[in-house]
Structure formats: C-alpha cells, structure tokens
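Worksheet: one structure, shown below.
Just so it is clear: chains get the letters A, B, ... in the order the sequence lines come, proteins before strands, and each one is counted from 1.
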There are 2 protein chains.
Amino acid sequence: MSTIGKALSLLDTLSRLDKEVGLTDIARLCSLDKATARRFLVELEKHGFVEQDADSRRYRIGSAPVRLARIREARYPFLRVAVPFIKTLAESSAETVHLSEFSGGRLSTIHVEDPPRAHRIIVDVGSILPFHATASGLAFLAFCPAREIDAALQKPLEKFTDHTVVDPELIRALLDETAARGFSISHQGLEAGVISAAAPVRAPDGRPIGCVAVAAPLSRTTKTAIHDFGAQAIAAANAISEKYYGSERLTGTSPKTRRRD
Amino acid sequence: MSTIGKALSLLDTLSRLDKEVGLTDIARLCSLDKATARRFLVELEKHGFVEQDADSRRYRIGSAPVRLARIREARYPFLRVAVPFIKTLAESSAETVHLSEFSGGRLSTIHVEDPPRAHRIIVDVGSILPFHATASGLAFLAFCPAREIDAALQKPLEKFTDHTVVDPELIRALLDETAARGFSISHQGLEAGVISAAAPVRAPDGRPIGCVAVAAPLSRTTKTAIHDFGAQAIAAANAISEKYYGSERLTGTSPKTRRRD
DNA sequence: GCTTATGGTTCATTATTTGAACCTCAGCTT
DNA sequence: AAGCTGAGGTTCAAATAATGAACCATAAGC
C-alpha cells in the first residue's frame, strides 16, 4: 500500500475510536511501526487532520476535515438536503432513522435522527455498515452492478449474530428480493433484537450513493410495520435523490451522458 | 516535503478552487508531475477524500471529510457551540459576522452569518485569513507566544490594498494595541472599503484557537461603532470559549496542568 | 486527416520511507 | 533510593516506494 494510503488509514482508524489514543496504541492498531506512525501523525497534524493534546500527548481528529466538509457541503449539500427527510421519517415512523453514504469503499453512517421515545435503537454517526449484515448494506449492494456484488461477497463475511446470513448464495437471494421490492430488510443481521429496512439514494445514472434506513426493536415490530417502514424509506430516499440532483445538476457539467457499467 | 504532506497539500489546493479541475490543471497548480498527481488523486479517491466526476473526469473534494467532520464535531462541537453566538452577534450588529479556526498553520473561515440587509460584506466559508492583514489574524497573533509572532512576521507580508500594513514593527504596535484592548481592528487590510473588528476564542491555557470577527462597509461605520463591534466580539468569543471548554473538559484528560510556552 | 489538447500509463532511476535499536522521562515497585 | 516498566519520541543504514520523461489513447478543432 502507498504511504498516502497508510496515512489515510491511520486517520480512519483514529476516527473510529471513541477516545483519544497514544502513539503506541495507534501504531499497534494500524500495524505500523511506532516511528512510522509518529511521522504520519506529525505530517497529518501539520495539515490540521489530527491534533495532539498538549497535556496527555494523545491524538485525536483535527479540524481540517471540518473545513473541507463545509466546502463539500456548500457545493454538494447531501446532508443539508437529506436531513429534513430523515427527520420527517423519524417522526412518522417513531423509530431511529439513519442516513449512510458510500465513501472510500465503505458505507458509513453520516446522520442519525432519534425518535422521541425511550426505547429505541442507538446508531452512531461514523459507524461502518457491513454490506452483508445490515439493511443499508443490502439495499446498497442490490442496486450495484453485478461485479461489485461479486467483489463484496468474495470477502470474508463476519457472523455478527446467530441470525447473520453469511452464505453468499443466500445473500444473493436477499439482494434479488431487495431489488424487486425496492427496499431491504435486515433481521438481526448486525445486532440481536434489531430489525431494519433500508432503501438506496441513487444518482441519476442509477448508481446508489447511500441509504436511508429505519431501525426498530424486533419485539414491537410486526411484518406489516417493517414493510411500511421500507415503503417510507423508499419514498424518503427518492425524495432526497430528486432534490439533491435536481438542484445540483444546475452547476454540474454534463447531466445527459450516461456512464457504462 | 513528505509524500503525505504533498498529497494533503493537493487536497488543500483542490478545496480552495471553486470548481472541479482536471488532472493537468491540478498537477500544474501543485507543481507536481502529472503521473504523481494522478497517483495521489487515485489514493485519495480510494479513501473518499476526492471524487472524480464520471463524465467530465474532473476531480472534486469527496465525502470522507464529511464523516470525519461529523465525528470531530460530535466530540469537539466547536461549530455547534459557536454558531448560535455568531448568529446573535450578526443580528445585534446587523453586519456580517464570521468565525475562524486555526488549523494546519492557518486561520480559516469556518462559519459565516449574514445580516438581513442588502449592503453587506461577503465572506466565504473556507477562505484563509492572512495574519497581518485581517482583524481575525491580528486578534489571533496578539494572543500567541512571542516566538509565533516572530515566525509570522518573518514571512513575506503581502500588500493586499493601499492600506495593508506590511511593516513588521507597525504590525507589532497593532498587536500590542490589540492585546491591551482585547480586540483587533483591520482598516481595509485585506479589501478596500471594509473595516472589521475581531476577538480571539481562547483555550483554558490562554492559547487562541480561532476568532470571532465583525466585518462592515467602511462607509457606514463610525469609530464608535467599530469599537462597539469589538466589544461585542470579545463577549461572543468569551461566551463560546466558556461554553466549549466548560462542557468539553468533562471528557477531557487533565484540565489543570498548564503547558509551558 | 493532421494538430493539439486532454487523461492516463510505464518503468528505470532516485529519493523517501522504514523499523530495530536507541534515548528520555514519569510513574511504580521493591 | 535504586531499579523497573512502559510511555513518547529519535536515529540512520537498509529496503522500499515515489518519481517523471516519454509514452499511449482519445477527443476536439481546424
């Protein structure tokens, strides 16, 4: 892997920890030599991507990404456009609704809206959604070109719960079902006791860019209810897509041409 | 410079362009070979930091920073804490108020609130604020350790307008004045016809982390008014600092120890 | 159909990255 | 207090990855 790739992976690793870490820890977590990790951290710090606490000497994500994110959102306001729809859906479903985006080969949660009730599913911003074990992952994959599905299913598939489907052929069946229905269902795929439904937000060329997902406690969720959530997720996802690309393409370059896949 | 540094500089350069650019342009702008620029872009793209438009083949900032920024803001909610104060100040002053943050050796605008009137100063999110030529820059420097002031004044100081002060000794006088008064004034330092006042947001150890600035058209701004803006900027900056570090230090590591400078 | 752009690729040369061993310091144990 | 442990940080020869001139492919303009 290139040096840049390793440094960005370090940054990624750092971002997934829920606390600041020391040099030795981050080096171990990234399987890097301490000296190498340090050089990366120093270089990343120079550019504001990490910060070192003056007292504890531990490292954390810096503020440079905040600047970049604001520029990105000013030009491609995915969150700004999507969040109102997520909010509405969280209210109408009275369950946790989260929005994910595909980036760097993975699907990550970029926004969460909690419903105003005590018993609800907790999803963290920044968490990674495995393709085979989450409603979002399945909804995303189901609308990807075949070769991307193949690639995803060739990787080792972790069994998170007793219910996680890890047989590639069974997953393909789920994907077909999802593609036909327009939304996916994950029945305790990542965590026991949680059921969720998700639908992809798609670019004008059909390629998915992220997902809208509703997550509910299995105990209070009927088959009818989850199908209803799925239908609502489709509606929200399509509304986001329309609004995002509708206003976006005004500044875009050539909306007509269609990529070959 | 290290490879990582060069790649991050490329990312920075890309973020400062107000449109997508092609490979040849970005390579030229970064003084890199085309092949090198391309390898950087591919690597950055793998991690979601840049995106390539499928049609035009041009590059833009990707969505990875959005994820990182949300994690950073969830843990160190500078924007979330600061924005309400900036909004209030924009209303009470009826002028443009912007918030900057020190990151990667530079002071960059991270939020702007426009007042509801037609004739106002425009500030862009992401713009860099030169230390010697802006109210924010002066307010920041004035509260930095002496050696950082020296370092800043040793660099070539660009003369943006006829009024830009570029003599290091005169700037030192402005900094002393700023330190004594608590806020800085920039009289057409960066752009003709604009006057602004700024105050630093400071960490518990006294080190500034960013600035609150009010920018107004010179034509309608009296000396009394600009001093009033300055006083309001101090109040806002202190309120931000208190709220930010007040809640922050609960999860922090060791609030008592004081760094030596 | 030629010219001149563009984006993208190759591979021998070159410069950077790498990491084992090292230092220093703070806290803990005996 | 001496010794130990593990932290962050540094060094420099060896190993590896970055580099860029020259290349190809394609598209637009003439």
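Taking atom CD of A:E43 as the reference point, atom C1' of D:dT10 lies 16 Å away to the nearest angstrom. In this structure, the CG atom of A:L10 is 15 Å from the P atom of C:dT17, given to the nearest Å. Look at CZ on B:R58: it is 17 Å from P on C:dA5, rounded to the nearest Å. Remark: P of C:dC25 and CZ of A:R57 are 12 Å apart, rounded to the nearest angstrom. In this structure, CD of A:E45 is placed 13 Å from C1' of D:dG9, rounded to the nearest angstrom. Spacing between atom CG of B:L41 and atom C1' of C:dG8 amounts to 12 Å, rounded to whole angstrom units.
Under 4.0 Å is where a charged nitrogen must lie from a carboxylate oxygen, and between B:E20 and A:R75 no such pair does.
With sequence neighbours excluded, the residues that form a side-chain contact (heavy atoms from CB on, under 4.5 Å) with A:I171 are A:H132, A:L138, A:L153, A:L157, A:V165, A:L175. For B:R28, the salt bridge (charged side-chain N to carboxylate O under 4.0 Å, His left out) partners at least two apart in sequence or on another chain are B:D25.
With hydrogens and angles ignored, the 3.5 Å screen pairs a side-chain donor or acceptor of B:Q52 with a backbone N or O of B:R57. In this structure a side-chain-to-backbone donor-acceptor pair under 3.5 Å is present from A:S100 to A:C211.
In the model, B:R39 has no side-chain atom that pairs as donor or acceptor with a side-chain atom of A:S2 under 3.5 Å.
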*Could you check B:T109 against B:D124 for side-chain contact (heavy atoms from CB on, under 4.5 Å), going step by step and ending with a plain yes or no?*
CA-CA 7 Å; B:T109 304; B:D124 291 327; over 6 Å; no
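OP1 or OP2 of C:dT17 lies within a sub-4.0 Å distance of a side-chain N or O belonging to B:T3. Taking 4.0 angstrom as the limit, B:R39 places none of its side-chain polar atoms (N or O) nearer than this to OP1 or OP2 of D:dA18. Residue A:Y59 places at least one side-chain N or O closer than 4.0 Å to OP1 or OP2 of D:dG9. Under 4.0 angstrom from either OP1 or OP2 of D:dG6 there lies no side-chain N or O belonging to A:T24.
For A:G22 and A:I4, each mapped to the nucleotide of DNA chain D holding its nearest heavy atom, the one lying further toward the 5' end belongs to A:G22. If you find the closest nucleotide of DNA chain D to A:K6 and to A:L23, the one lying nearer the 5' end belongs to A:L23.
Using a 4.0 Å cut-off on heavy atoms, the residues of residues 27-38 of chain A that approach DNA chain D are A:K34, A:A35, A:R38, listed by number.
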